[in-house]
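Only one structure is covered here, and it is reproduced in the block below.
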Amino acid sequence: MQNNCIINVENSINSGQVFLWRKNGKNWYGVNGQDILKITDSGNIKSYQNVKADFFRKKDNIAKIIKSISKDKVTKKAVKQYLGLRILEQDPFQCLISFIVSSNSNIQKIKNSLEDISKKFGVKVKFENQEFFLFPKPERLANASIDEIKSCGVGYRARFIKEAAKITVKEQIDFEYLKRCSYHEAKKEICQIPGVGNKVSDCILLFSLNKLESFPLDRWMIRILEKYYSDKFHLETKTITEKQYEMLHEKIVNHFGPFAGYAQQFLFKMERENYQKKWL
DNA sequence: CCAAGGCCTGAATG
DNA sequence: ACATTCAGGCCTT
């Protein structure tokens, strides 16, 4: 019971949720929208803007969640192995752009691109004697040229980024509303944004909009399902169509329950570690 | 509704 | 060296 309350900062940051983070000595520093966060090894957060954000989702009853998602041997093992791994609650706009950038890419490149975007369009600040660039505001990216954005190494995603920023500025998307409404409603809304499909939207919903039943199905998760859950979720085709994705997600929520997103995060972390994949 | 092909980029593979 | 291939997908045909 007590053990379940521990937060493992390292595992949480190094699990493919966030990209603009670096370790300096014992402390982690990261960009979260218009804020910079410092996390000490004991898990205390200091905010550049003095904002009290629940970055580690302490509001979640983690003991209850872990009990809820531990439906089979595989998740039980993953949860035990990476106890303290948490879903992070990020700035929604940064999260949106981050996962548009992530599509058809990999962690190192995503990190590089996002760093370039911050440097080029974000405001430089000093925090604890270190230099940081805040994540650009939607207005700044909405007004940037496609070529300027492309210079950050994002290729064809540049126009998606500009368009997503424009939609945010025009308030055609309301993150505060999306935080409150249902998973399906929020998903429908956010999939309207160009460059945001099934997988990317599930990441945004899980990591910034409070939708814990969201279960991003990327290549790794599909591989994991094939490897450990072939009896429960039979996957025949190589490419997952929209309809199949939807049906698969329904089966997944039926199995793992309303906090399926946590199960996804533990499984993803476990398998990537098994293959010794690099993080930040 | 499904399948196939194209897309920026850079690190890894042959 | 150089050419493929591939990587946390999405969009168009």
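Bear in mind the structure is a predicted one, so any value in this text is a computation, not a measurement. Excluded from the calculations below are hydrogen atoms, water molecules and symmetry mates; all remaining heavy atoms, backbone and side chain alike, are included.
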Using Watson-Crick pairs (N1 to N3, plus N6-O4 or O6-N4) and G-U wobble pairs, both distances under 3.5 Å, which stems of at least 3 pairs involve DNA chain C?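 For DNA chain C the paired stretches long enough to count as stems (3 pairs minimum) are B:3-7 with C:9-13, B:9-14 with C:2-7.
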Report which part of the nucleic acid [X] touches: base, sugar-phosphate, or nothing (heavy-atom distance under 4.0 Å, all strands).
X      : answer
A:K199 : base
A:G16  : base
A:N112 : nothing

Report the distance from atom [atom1] of [X] to atom [atom2] of [N], rounded to the nearest whole Å.
X      : N      : atom1 : atom2 : answer
A:I110 : B:dG10 : CD1   : C1'   : 13 Å
A:I107 : B:dA12 : CD1   : C1'   : 16 Å
A:R223 : C:dG8  : CZ    : P     : 7 Å
A:Q90  : C:dG8  : CD    : P     : 18 Å
A:R159 : B:dC8  : CZ    : P     : 8 Å
A:M247 : B:dC2  : CE    : C1'   : 14 Å
A:F160 : B:dC7  : CZ    : P     : 13 Å
A:D202 : C:dG9  : CG    : P     : 13 Å

I'd like to know if the side chain of A:Q17 and the backbone of A:L88 have a donor-acceptor N/O pair within less than 3.5 Å.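 Yes, the answer is positive, given that a donor and an acceptor are paired below the 3.5 Å cut-off.
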More than 12 foreign heavy atoms under 6.0 Å from NZ of A:K58: is that the case here? no
Looking at the side chain of [X], which of [options] is the nearest nucleotide?
X      : options              : answer
A:Y156 : B:dC8, C:dG8, B:dC1  : B:dC8
A:R157 : C:dG8, B:dC8, C:dG9  : B:dC8
A:R272 : C:dC10, C:dG8, C:dA7 : C:dG8

From the list A:R57, A:K179, A:R180, side chain to side chain donor-acceptor pair (under 3.5 Å) partner of A:N210 resolves to A:R57
The residue among A:E128, A:R22, A:K23 that forms side chain to side chain donor-acceptor pair (under 3.5 Å) with A:Y29 is A:E128
N or O in side chain of A:R219 less than 4.0 angstrom from C:dG9 OP1/OP2: yes
Phosphate OP1/OP2 of B:dC2: any A:T241 side-chain N/O under 4.0 Å: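 Affirmative; the distance criterion is met.
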What integer number of Å spans the P atoms of C:dT13 and B:dC8?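 Result for the P pair: 14 Å, nearest Å.
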Sticking with atom P, work out how far B:dG5 lies from C:dG8, rounded to a whole angstrom.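 Here B:dG5 and C:dG8 have their P atoms 23 Å from each other.
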Evaluate A:H255 against A:F215 for ring-ring contact (aromatic ring centres under 6.0 Å, His included), listing each step before the verdict. CA-CA 12 Å; A:H255 176 67; A:F215 195 102; 9.7 Å; no
Centroid-to-centroid, A:F19 to A:F99, below 6.0 Å? yes
Are A:F55 and A:W28 close enough that their ring centers fall under 6.0 Å?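 No, the ring of A:F55 stays outside the 6.0 Å limit from the ring of A:W28, centre to centre.
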Glycosidic conformation of C:dG8, syn or anti, with 90° from 0 as the boundary?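 Glycosidic conformation of C:dG8: syn.
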Heavy-atom nearest nucleotide on DNA chain C for A:G195 versus A:F268: which residue maps closer to 5'? A:F268
Using the closest heavy atom to pick a nucleotide of DNA chain C for each, name whichever of A:C191 or A:S105 lands nearer the 5' end. A:S105
First locate atom NZ of A:K278, then atom CG of A:N14, and finally report the distance between them rounded to the nearest 0.5 Å.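 Atom-to-atom, A:K278:NZ and A:N14:CG are 12.5 Å apart.
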Let me spell it out: for each of A:E242 and A:N104, pick the nucleotide of DNA chain B with the closest heavy atom. Which residue's pick is nearer the 5' end? A:E242
